[in-house]
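First the structure, in the form of structure tokens, and then the observations on it.
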Amino acid sequence: MKNAPILKALLEETIAECDHLARRDHDPVGRVWEYENDDDREVAALFASSLAYGQVKVLRNAIVQALAPLGPHPAHTLRVTPLEDLVTRWPAFTYRMTRGEDLADLAVALGITLRREGSLQALYRARIPHDTDRPEDAGTLARAHHLQAASHFVQTLRQRRHRRELTRGFRYLLPDPADGSTCKRLHLFFRWMSRGPDGIDLGLWPSLAPHALVMPLDTHTSRLCRYLGLLSRKSLDARAAVEVSERLAALDPEDPLKYDFALCHLGIGRRCIHRRSEDHCPGCPIEDACTL
Ligand code: SF4
């Protein structure tokens with residue numbers, strides 16, 4: 001990228017200007033930090049990220065309702081509760097595309113996984129080639145390995161669902177990167193597991209290096225990335241997410257997604273309203289690089 005040093009400086013300023021801990025209360029990850037134990041945070045993170053669509057205030061309430069039936073220690077509950085009892089715990093849950101039966105499918109899949117592999121990371125790690133920490137694996141190859149492992153992770157969880165049929169609702173809740181969509185919520189989960197701990201991301205999976213991550217691209221971040229020249233692809237799909245990841249890796253090869261939270265919250269916090277505005281643009285940390 002021609003203007004990479006300028007863009008990098010502006011994005012660093014965006015991070016510096018973002019009050020991360022204050023914004024955590026307006027982000028789905030805030031619900032995950034309410035749990036103390038790492039194994040509870042891991043399963044709470046998959047529930048929370050899977051429901052991270054729609055308005056933030058509403059989705060944060062949906063996450064609370066989704067996790068409440070699992071009690072204060074969701075990982076323990078999923079490990080020890082008979083699977084036939086787990087499926088009855090969300091009789092009235094509904095949140096946009098997601099129904100209680102979809103959460104029951106997810107709970108059974110996680111219950112089986114925690115009993116068989118011990119953790120979600122162990123399921124993911126089983127498909128990561130052992131050589132991904134070689135320097136030459138950094139970047140593109142590591143991302144390709146990660147996407148393969150992520151797809152296997154999802155396909156295994158889908159196979160372990162409760163219902164015989166793989167429903168549209170469960171496929172939406174747990175999308176497969178191999179299907180070609182951005183899989184924003186799934187990549188958000190992986191970001192939480194890999195980066196940090198820094199008060200936002202949880203840093204629970206040493207097996208997933210930050211340089212392998214794929215951008216959790218949504219409407220907020222994709223628009224901002226277009227304004228900044230980080231995204232040229234017209235379709236908002238899996239290849240667009242990889243394009244942004246590679247361009248951010250040109251700015252920081254070790255940790256390309258460190259800019260994601262601050263960029264996303266420029267949109268969530270109504271700082272950017274996606275048109276030029278005398279009220280919003282002056283003082284915007286990326287104004288000098290914004291092409292809108
Ligand atoms: S300069 Fe204005 S339009 Fe561009 S990103 Fe900032 S707030 Fe949005």
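None of the values given here were measured: they were computed from a predicted structure. Counting convention: from 1, in listed order, for ligands and their atoms alike. Position 1 is the first residue of the sequence; numbering continues from there.
- Residues Arg79 and Asp39 are paired through a salt bridge, judged by an N-O separation under 4.0 Å between the basic side chain and the carboxylate.
- No salt bridge links Asp102 with Arg161; every basic N to acidic carboxylate O contact stays at or beyond 4.0 Å.
- The list of side-chain hydrogen bond (donor to acceptor under 3.5 Å, both in side chains) pairs with a residue in residues 46-65, not counting sequence neighbours, reads Tyr53-Thr98.
- Around atom 8 (Fe) of ligand 1, the protein atoms of type N, O or S found under 2.8 Å away are Cys272 SG, listed by chain and number.
- For Thr113 and Arg160, the side-chain atoms include at least one donor-acceptor pair closer than 3.5 Å.
- Taking the ring centroids of Trp90 and Tyr95, they lie at or beyond the 6.0 Å cut-off.
- Residues His146 and Tyr124 bring their aromatic ring centres within 6.0 Å.
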